2 protein chains.
Amino acid sequence: MQVDEWSPTPVLLTVDLVILTLREGRLCVLLVERGEDPFQGMPALPGGFLGHAGEEILDAAHRELSEETALVAECVHLEQLAVYGATGRDPRGRVVSVAHLAIAPGLPEPVAGTDASDAAWVPVEAVLSGAVELAFDHRRIVTDGVERARTKLEHSALATAFCAELFTITELQQVYEAVWGTELDTRNFYRKVQAVKGFIVPAGPARRTTGGRPARLYRAGPRTVLYPPLIRPAPVTEEPAPSVEEPAPSAQEPAPSAPEQDAKQEGE
Amino acid sequence: MQVDEWSPTPVLLTVDLVILTLREGRLCVLLVERGEDPFQGMPALPGGFLGHAGEEILDAAHRELSEETALVAECVHLEQLAVYGATGRDPRGRVVSVAHLAIAPGLPEPVAGTDASDAAWVPVEAVLSGAVELAFDHRRIVTDGVERARTKLEHSALATAFCAELFTITELQQVYEAVWGTELDTRNFYRKVQAVKGFIVPAGPARRTTGGRPARLYRAGPRTVLYPPLIRPAPVTEEPAPSVEEPAPSAQEPAPSAPEQDAKQEGE
DNA sequence: GGAATAGTGTCTATAAGACAGTATCAA
DNA sequence: TTGATACTGTCTTATAGACACTATTCC
């Protein structure tokens, strides 16, 4: 960190947002259509350059978030995701993006932001599978954001950020099922979320009716780290079939799958 | 992400490194003494500006890493940690730092880098407790890096990055104990690490002698995600004493502790 | 044989997973 | 009464935690 004769290279900073929400039981991400030239017309994550020299990065993320969604900032969970700064990721030059992950309760309609470019909720599956092609390295960013959300659901109270202020346990279960892409047993889910003291707290005697028996309402409790965690069911990625006892003391298995994916940065 | 009349503000990018290793059973971080003016003479994380306009961020981190440590890059785990860009964190102006977390096997001596400024391994406890004061917001970065390491030890094979290519199960246990700051039961640890297939694989019939019975050697296996995870023992942060059954249907507990710490960015 | 380290087996308590029926409301 | 949703209880199995001894080498 020493400043010598040579002057360090300045770069342009952008803030990009992976805004996740639940719509009709599906995990969706907010995409905007690019109106400008690099990747014009393609869907992309909402975001933009730092507003002015003195703007905090987190403030810029909040600003972009309220530009795209009509949400009060307090209701939305927002955290830094990662930095994407590979050379060549932006044809305009060296542009480094600080990606953020935002979790919002189900928003009523695909809101159009202040810019005329239309915004739309797209199921993340369409992005992850490649069916929808995104500008820049935004598909990688979405992938990382979804993975972050899936992991944090296990160990933190992040799931409540997908819900309104008051919610039912069934709604909370639907959050887990949608984000993880699995089905959970209702009885075991009830047992587990209620075993974590401070995760959800009953919100008065209020109830709500949807046709059947009214559901008890809860709100997010003070506990933000979940212990014990809600472990996500194992993906069916075990060895094909354990033949007898040990396959062989081969000391070097052929790496069945499980790719390392630590260093971000690449993508586009 | 649109470019209009106003030109976006360029910022200076630095790369800072939290390099962790084990020395004498203690988790240590590499600190250098600053030779230049901002915070001159204070200990700080190794790091520096992006070398040239086209340098990849991860490459810059690797470059800084090999400048400070005499390690071949292949042996060292390196991943992006977070971005720290708060205004005012650097008195020279708007400097945004991409912090990285590096895990290295026990290095022989406090190596001095290419710059004459001396480098030293410092127990992380001294940094976390505030006994050692760091330049910039580097204490916050160390805190985040250590927490990242502690968490990743549960779910990934990161612990093997603290070990040499060949290691014993006892050494691996010492890694967990040092990073988590807890003691683990030897028998349960043996059972658990061997239950995760592909985590560690026996490295031939080779053995090694240290005075007692020779220990079997292992090397890191292909598995990078640990399932089931090695859950870290619960910190003794439970409620004081569950009185009878339920404290009271008060619907709003007084938030016993557990501070939220999601958004980084602040610190200094 | 003694010192030093490596490695293992069992029992118990708790958590997880599978499973089906009752409760409460509206129409 | 029916339909629709909310909620619960038990049994079985797996995992976690506590615990003490045997094994192998060097001196």
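Protein chains get the first letters and strands the later ones, always in sequence-line order, with residue 1 at the start of each. None of the values given here were measured: they were computed from a predicted structure.
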### Query
Is any side-chain heavy atom of Ile169(A) closer than 4.5 Å to a side-chain heavy atom of Gln194(A)?
yes

### Sequence neighbours excluded, every pair satisfying ring pair (Phe, Tyr, Trp, His ring centres under 6.0 Å) that has a member inside residues 159-186 of chain A
Tyr176(A)-Trp180(A), Tyr176(A)-Phe189(A)

### Partners passing ring pair (Phe, Tyr, Trp, His ring centres under 6.0 Å) against Tyr190(A) (at least two apart in sequence or in another chain)
none

### Query
So, the side chain of Glu177(B) versus the backbone of Leu184(B): is there a donor-acceptor pair under 3.5 Å, distance only?
yes

#### Entry: Euclidean distance, Gln173(B) CD relative to Asp185(B) CG, rounded to 0.5 Å
8.0 Å

### Query
Taking any atom under 4.0 angstrom from a heavy atom of chain A, which nucleotides of DNA chain C are the first and last to qualify, 5' to 3'?
dA16(C) to dA26(C)

### Task
Any chance you could measure Arg191(A), atom CZ, to Asn188(A), atom CG, to the nearest 0.5 Å?
4.5 Å

### Query
Does the side chain of Arg232(B) reach to within under 4.5 Å of the side chain of Thr151(B), using non-hydrogen atoms?
yes

### Message
With rounding to the nearest 0.5 angstrom, report the CD to OG1 distance, Glu165(B) to Thr160(B).
### Response
11.5 Å

### Task
Would you tell me if any nitrogen or oxygen in the side chain of Tyr190(A) comes within less than 4.0 Å of OP1 or OP2 on dT8(D)?
no

### Query
For every nucleotide of nucleotides 11-20 of chain D, 5' to 3': is a protein heavy atom under 4.0 Å from its base (B), only from its sugar-phosphate (S), or from neither (-)?
-----BBBBB

### Query
Which pairs pass ring pair (Phe, Tyr, Trp, His ring centres under 6.0 Å) with one or both residues in residues 142-161 of chain B, sequence neighbours excluded?
His155(A)-His155(B)

Return the polar atom pairs (N/O with N/O) between nucleotides 25-27 of chain D and the protein under 3.5 Å, or none.
none

### Query
Within the structure, does a side-chain N or O atom of Arg216(A) lie under 4.0 Å from either OP1 or OP2 of dA6(D)?
no

### Query
Between Arg26(B) and Glu125(B), does a salt bridge (charged side-chain N to carboxylate O under 4.0 Å, His left out) hold up when you go through it step by step?
CA-CA 9 Å; Arg26(B) 298 163 67 85; Glu125(B) 285 312 321; over 6 Å; no

### Query
Under 4.0 angstrom, heavy atoms only, what part of the nucleic acid is Thr170(A) near: base, sugar-phosphate, or nothing?
sugar-phosphate

